[in-house]
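First up is the structure itself, then whatever we jot down about it.
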Amino acid sequence: MANVNVVNVAKRHQFKWYEKWYFYSVIVGLGITIKHFFKTAFLGKAVTIEFPEKKRAYSSRFRGLHSLKRDELGRERCTACFCCMWICPADAIYIEADEVKPENQHLHPEDKYAKRFDIDLLRCIFCGLCEEACPKGAIYLDGNGELAADNREDLILTKERMMEKYGGPIIGRRN
Ligand code: SF4
Ligand code: SF4
């Protein structure tokens, strides 16, 4: 019969007598707290920052809030093709399409545009698939990551909130 190495898990996780003593863990925890207090107060080695007054720089690969882009003429890029909506694994995107009319100068010259474009941030998992699937380079996850809100409505990104302003940056950072 093959020689099998048996690990005695119960033995490996046996606690010393003092580790079973309730106050041992309290004292160890207090020690860590006091160590960080002195490092922060007297040595200037705080691991936290005073948010929101101070903010950390985001990585170039960070996926933040979604934005909808305009082309070089300032027209909305989205053609309401629904690719992002169908590929979204969290079912977080809702689009209503409408016909582009000749008087809609702010739109691209194709057939459809997104009359309504909502993203439910409570469903979104920030996978970035909508950005990858978009054939028009219309949607990017290049916003910040500040998602705190005290009601559900503020966590629904509407087209108006996502659409790039006229005169803003024309293309996304990964375009
Ligand atoms: S990032 Fe992912 S989960 Fe969020 S809206 Fe885009 S496809 Fe959906
Ligand atoms: S954002 Fe892109 S993928 Fe989504 S509907 Fe508009 S054009 Fe299509």
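In listed order, ligands and their atoms are each counted from 1. What's counted below: heavy atoms across the whole structure, side chains too, no hydrogens, waters or symmetry copies.
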Suppose clustering is done on Ile, Leu, Val, Met, Phe, Trp and Tyr with side-chain heavy atoms closer than 4.5 Å. Which residues sit in the same group as Tyr22? Trp17, Tyr18, Trp21, Phe23, Tyr24, Val26, Ile27, Val28, Leu30, Ile32
From Cys88, does some N, O or S atom reach closer than 2.8 Å to atom 8 (Fe) of ligand 1? yes
Under 4.0 Å, heavy-atom basis, I'd like to know which part of Ala114 is in contact with ligand 2: side chain, backbone, both or neither. neither
Could you go through the side-chain contact (heavy atoms from CB on, under 4.5 Å) check for Asp98 and Tyr113 one step at a time? CA-CA 6 Å; Asp98 203 355; Tyr113 77 103; 3.5 Å; yes
Quick one: does Arg63 get within less than 4.0 Å of ligand 1, heavy atoms only? no
For [atom], the protein heavy atom that lies nearest, with its residue and separation:
atom	result
atom 4 (Fe) of ligand 1	Cys124 SG, 2.3 Å
atom 2 (Fe) of ligand 1	Cys127 SG, 2.2 Å
atom 3 (S) of ligand 1	Ile125 N, 3.4 Å

Report the protein N/O/S neighbours of atom 2 (Fe) of ligand 2 that fall below 2.8 Å; do not count waters. Cys134 SG
Provide the closest heavy-atom pair for [X] versus [Y] in the form atom of the first, atom of the second, distance.
X	Y	answer
Glu131	Leu141	OE1-N, 2.8 Å
Ala80	Lys112	O-NZ, 3.0 Å
Arg77	Arg70	NE-O, 3.3 Å

Evaluating non-hydrogen atoms only, which member of Pro89, Gly128, Ala92, Ala90 is closest to atom 1 (S) of ligand 1? Gly128
[X]: numbered ligand 2 atoms lying under 4.0 Å from its heavy atoms:
X	result
Phe82	5 (S), 8 (Fe)
Ile95	5 (S)
Phe117	1 (S)

Ligand-residue contact atoms, ligand 1 with [X], heavy atoms, under 4.0 Å:
X	result
Phe126	1 (S), 4 (Fe)
Leu141	1 (S)
Ile93	5 (S)

Pairing of Arg161 and Asp154 as salt bridge, 4.0 angstrom limit: no
Pair Ile49, Arg56 - check side-chain contact (heavy atoms from CB on, under 4.5 Å), show working. CA-CA 8 Å; Ile49 58 168; Arg56 294 193 199 281; 3.6 Å; yes
Would you find more than 12 non-hydrogen atoms of other residues, nucleotides or ligands less than 6.0 Å from Glu19 atom CD? yes
Applying side-chain contact (heavy atoms from CB on, under 4.5 Å) to Met162 and Ile119, what does each step give before you reach the verdict? CA-CA 9 Å; Met162 285 187 283; Ile119 295 183; 3.8 Å; yes
Under a plain distance cut-off of 3.5 Å, with no hydrogens placed, do Lys69 and Ser67 share a side-chain donor-acceptor pair? yes
Sorted by chain and number, sequence neighbours left out, salt bridge (Lys or Arg N to Asp or Glu O under 4.0 Å) with Lys55 holds for Glu146
So, for Phe126 and His66, is the gap between ring centers shorter than 6.0 Å? yes
Backbone, side chain, both or neither: what part of His66 comes under 4.0 angstrom of ligand 1, heavy atoms only? side chain
Donor-acceptor contacts under 3.5 Å from residues 86-97 side chains, at least two apart:
| residue | atom | partner | partner atom | Å |
| --- | --- | --- | --- | --- |
| Tyr94 | OH | Glu96 | OE2 | 2.6 |

